[in-house]
Amino acid sequence: MSDHRFLEKVQKWNIIFSLPFWYGAITRLPFIYFVIHMRIHFELDWLLIGCYVGAYQATRVLTNVVAIWWPKLAHVGGTLIGLAGNIIVLTNDTSDKVPFIVGTIIIGFSETMACMQGYLKDFSSKDLSTLEHELKVQYAVVCFAAFFAFGAGGVIYQLHGIRGVVLLGSVLSSFELLSIILYMILDRVLADGLETTSGTESKKRSDGSITGDSAKGSLKTDGENRKNQNVAELTDSIILDGVDLFSEADIGANSFTYILCITFGMEAITIGYNLAISPVYITEQFDKNTAVIGSMLASGAAFGTIISVLITLTQSGKNFMKKYLPSPVNFIVAMGGISIAVLLAAVPVFPVHVIGLVMLMGWNDFAAILLNEIQGKVTAKKAYLKIGPLGQVIRRSLNVVTAITGPLLYSIGSALPYIVAGIATGLWTIFLYIVIKRRKSLNYSIIRKAKGVDKNDKISKKRTDNRISFCRQEISARLLKRGMISEKNLKTEKSSVNFPLREADEEDFLHSDDDSEA
């Protein structure tokens with residue numbers, strides 16, 4: 001058993017730290033040199049540059065599409081093709097356009113973030129608090145990898161040219177492959193070990209509800225220990241106890257889940273234009289070399305990583321967020337920050353542009369961490385196998401659009417890509433605010449009716465909002481709608497409360513029109 005636990009720790013470390021780091025660095029390196037090399041060394045026009053960068057982003061889309069059905073195949077195959085791309089550029093004459101462009105484009109197949117998020121969702125604890133923490137850490141590692149790639153890539157390109165950067169890319173891809181092999185070996189070993197110990201734990205029904213006397217007794221005792229609480233507080237506690245059922249429940253995606261998928265794309269518009277245009281913008285507008293460009297991009301990535309870690313992963317940061325910027329307010333603020341920062345980056349004054357660029361990348365990383373966390377929490381495990389990659393498909397598809405249109409907009413006006421990105425992100429942020437506000441109201445209405453609380457009871461609403469976060473209310477409302485937390489039991493007096501989490505009624509399933517079979 002101790003060996004099994006040790007292997008579980010190694011596997012979790014691999015999923016949260018190793019795989020995301022290599023992936024993050026591999027996929028960010030080309031942004032340092034691709035556009036600059038095509039524009040300055042090959043003197044290509046902006047339309048061709050946009051098409052080639054768009055092709056690089058399109059390969060990232062294809063890997064995520066495959067990951068919807070075959071995540072392990074997408075991970076192994078994508079990384080192997082990405083390694084081949086680095087080797088093609090490394091082993092050919094760098095003055096030859098074809099191997100340089102083709103090799104760099106297929107490096108994009110290394111886009112495997114959706115695969116790793118699926119691994120984590122499947123492997124992680126069913127406890128929602130643990131899952132949300134691990135999702136944040138995993139993406140924070142990607143942010144740190146971007147900082148490393150931009151910083152090291154800019155300096156290496158300046159000192160050793162293309163060969164130096166793609167050599168680094170080859171090494172990173174090799175380590176990613178080793179990490180994938182380790183993951184697949186441990187996945188098999190741990191699965192075999194789990195089969196030998198099956199049946200010793202309390203049973204889990206396929207619909208996610210719990211059965212067994214041990215489960216009953218635990219919550220019954222918990223209810224008895226809270227006899228001094230009023231009915232509203234007690235039912236809130238029961239709802240929170242039921243939230244952990246959601247991950248294993250056979251519940252599909254709903255409209256809000258798909259809006260989050262689209263949000264991945266809208267959030268990526270600004271960073272897409274930034275990475276496609278900023279290297280050339282800084283070179284032509286301010287006459288800076290790639291070492292400076294790499295340092296600026298690395299500073300933005302570092303700022304995003306530091307802010308994200310301090311605010312979302314430290315206890316003091318969590319307390320600050322809970323008090324002043326609870327979810328999803330923090331995400332709306334981050335999206336608004338992106339909109340403002342990208343407009344600052346459009347100002348053709350170097351210090352102002354630097355501030356805008358760093359703030360843009362910082363807010364973007366912060367928003368991405370929060371968005372990954374929200375999507376991971378409000379999507380059940382089975383549905384997440386498709387919804388996770390779908391969000392990345394939409395994200396990278398919008399990156400294709402920004403890659404193609406960015407150079408064209410730049411050729412019309414150097415600040416135009418930043419302005420378009422700022423307006424688009426700002427409008428989507430307003431739309432998202434309206435959607436979330438409405439969603440919050442609908443979720444509370446379901447919870448309120450389950451608790452038997454009058455709709456005019458403002459005190460009860462405030463208490464529920466303080467005790468149950470937006471994501472947990474979203475989850476609880478869907479469980480209540482499906483009958484997986486019994487509404488009848490929630491209305492009983494506290495003295496008779498006895499494990500209100502039941503198998504869903506057929507009628508609840510038949511009339512649950514908010515959840516599709518994702």
Side-chain angles (χ1 to χ4, degrees), residues 22-63 77-112 145-146 148-177 275-284 287-295 297-298 399-400 403-404 406-408 410-411:
W22 307 124
Y23 145 78
I26 294 165
T27 53
R28 270 60 174 185
L29 272 178
F31 290 108
I32 290 294
Y33 64 84
F34 197 27
V35 174
I36 291 177
H37 209 73
M38 286 190 291
R39 181 63 177 172
I40 296 176
H41 292 275
F42 296 138
E43 298 180 343
L44 299 182
D45 62 53
W46 285 115
L47 179 60
L48 276 177
I49 290 174
C51 290
Y52 291 141
V53 176
Y56 171 79
Q57 297 286 16
T59 59
R60 303 175 82 182
V61 175
L62 292 175
T63 306
T79 305
L80 280 171
I81 296 172
L83 175 60
N86 278 299
I87 292 174
I88 287 171
V89 179
L90 181 65
T91 56
N92 282 275
D93 187 350
T94 55
S95 63
D96 190 343
K97 285 187 292 187
V98 174
F100 169 77
I101 292 172
V102 171
T104 304
I105 286 173
I106 66 174
I107 292 173
F109 281 106
S110 299
E111 174 58 48
T112 54
F148 167 78
F150 290 140
V155 174
I156 291 173
Y157 181 80
Q158 191 66 29
L159 296 177
H160 304 288
I162 289 295
R163 290 190 188 279
V165 182
V166 294
L167 178 59
L168 175 61
S170 300
V171 172
L172 294 169
S173 296
S174 299
F175 278 114
E176 176 78 352
L177 276 175
L275 294 177
I277 295 303
S278 288
V280 172
Y281 183 89
I282 296 167
T283 300
E284 295 188 350
D287 194 27
K288 304 296 181 181
N289 60 38
T290 54
V292 174
I293 295 169
S295 298
L297 295 177
N399 283 157
V400 173
I404 294 173
L408 292 176
Y410 181 83
S411 66

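The figures here come from the full heavy-atom set of this structure, side chains too, leaving out hydrogens, waters and symmetry mates. In what follows, residues are counted from 1 in the order of the sequence shown.
In this structure, the side chains of Tyr52 and Lys97 stay at 4.5 Å or more apart for every pair of heavy atoms. Looking only at side-chain heavy atoms (C-beta outward), Ile81 and Thr59 stay at 4.5 Å or farther from each other. Using a 4.5 Å cut-off on side-chain heavy atoms (C-beta onward), Leu83 and Ile26 make no contact. Ile106 is listed as a side-chain neighbour of Ile88, based on a closest heavy-atom distance under 4.5 Å. Looking at Trp22 and Thr79, their side chains never come closer than 4.5 Å, going by heavy atoms from C-beta outward.
For an aromatic pair to be called close, the ring centres must be under 6.0 Å apart, and Tyr56 with Phe31 satisfies this. In this structure, the ring of Phe42 has its center less than 6.0 angstrom from the ring center of Phe100.
By the 30° and 60° cut-offs, the orientation of the rings of Tyr410 relative to Tyr281 is perpendicular.
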Criterion side-chain contact (heavy atoms from CB on, under 4.5 Å) on Leu275 and Phe150, from CA distance to verdict: CA-CA 11 Å; Leu275 294 177; Phe150 290 140; 3.8 Å; yes

Val280/Trp46 under side-chain contact (heavy atoms from CB on, under 4.5 Å): CA gap, chis, key distance, verdict: CA-CA 11 Å; Val280 172; Trp46 285 115; 3.2 Å; yes

side-chain contact (heavy atoms from CB on, under 4.5 Å) evaluation trace for Leu44 with Ile101: CA-CA 12 Å; Leu44 299 182; Ile101 292 172; 4.2 Å; yes

Step-by-step side-chain contact (heavy atoms from CB on, under 4.5 Å) determination, Val35 to Ile277: CA-CA 8 Å; Val35 174; Ile277 295 303; over 6 Å; no

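In summary, of the residues considered (Asn92, Thr104, Asp93, Thr94), a side chain to side chain contact (heavy atoms under 4.5 Å, CB included) with Pro99 occurs for Asn92 alone.
Here the shortest heavy-atom pairing between Ala25 and Ala149 reads O-CB, 3.6 Å. In terms of heavy atoms, Ala403 sits closest to Ala276 at CA-CB, 4.4 Å. When every heavy atom of Gly50 is checked against every heavy atom of Pro407, the shortest pair comes out as CA-CG, 3.6 Å. When all heavy atoms of Val166 and Tyr33 are compared, the pair lying nearest together is CG1-OH, 3.9 Å.
Between the CD1 atom of Ile40 and the OG1 atom of Thr283 there is a distance of 5.0 Å, given to the nearest 0.5 Å. The CD1 atom of Ile162 lies 11.5 Å from the OG atom of Ser95; values are rounded to the nearest 0.5 Å. Note that CZ of Arg60 and CD1 of Ile107 are 11.5 Å apart. Values are rounded to the nearest 0.5 Å. The line from CD1 of Ile404 to CG of Leu47 is 9.0 Å long, rounded to the nearest 0.5 Å. Distance check, rounded to the nearest 0.5 Å: CG of Asn86 to OG of Ser110 gives 7.0 Å. Going from atom CZ of Phe175 over to atom OG of Ser170 covers 12.0 Å, rounded to the nearest 0.5 Å.
Distance alone, capped at 3.5 Å, is enough to place a donor-acceptor pair between the Arg163 side chain and the Leu90 backbone. Using a distance-only test at 3.5 Å, with no hydrogens or angles considered, a donor-acceptor pair links the side chain of Ser411 to the main chain of Leu408. No donor-acceptor pair closer than 3.5 Å links the side chain of Thr63 to the backbone N or O of Gly78.
Pairs of residues two or more places apart, or lying in two chains, that qualify as salt bridge (Lys or Arg N to Asp or Glu O under 4.0 Å) and include a residue from residues 38-55 are Arg39-Glu284.
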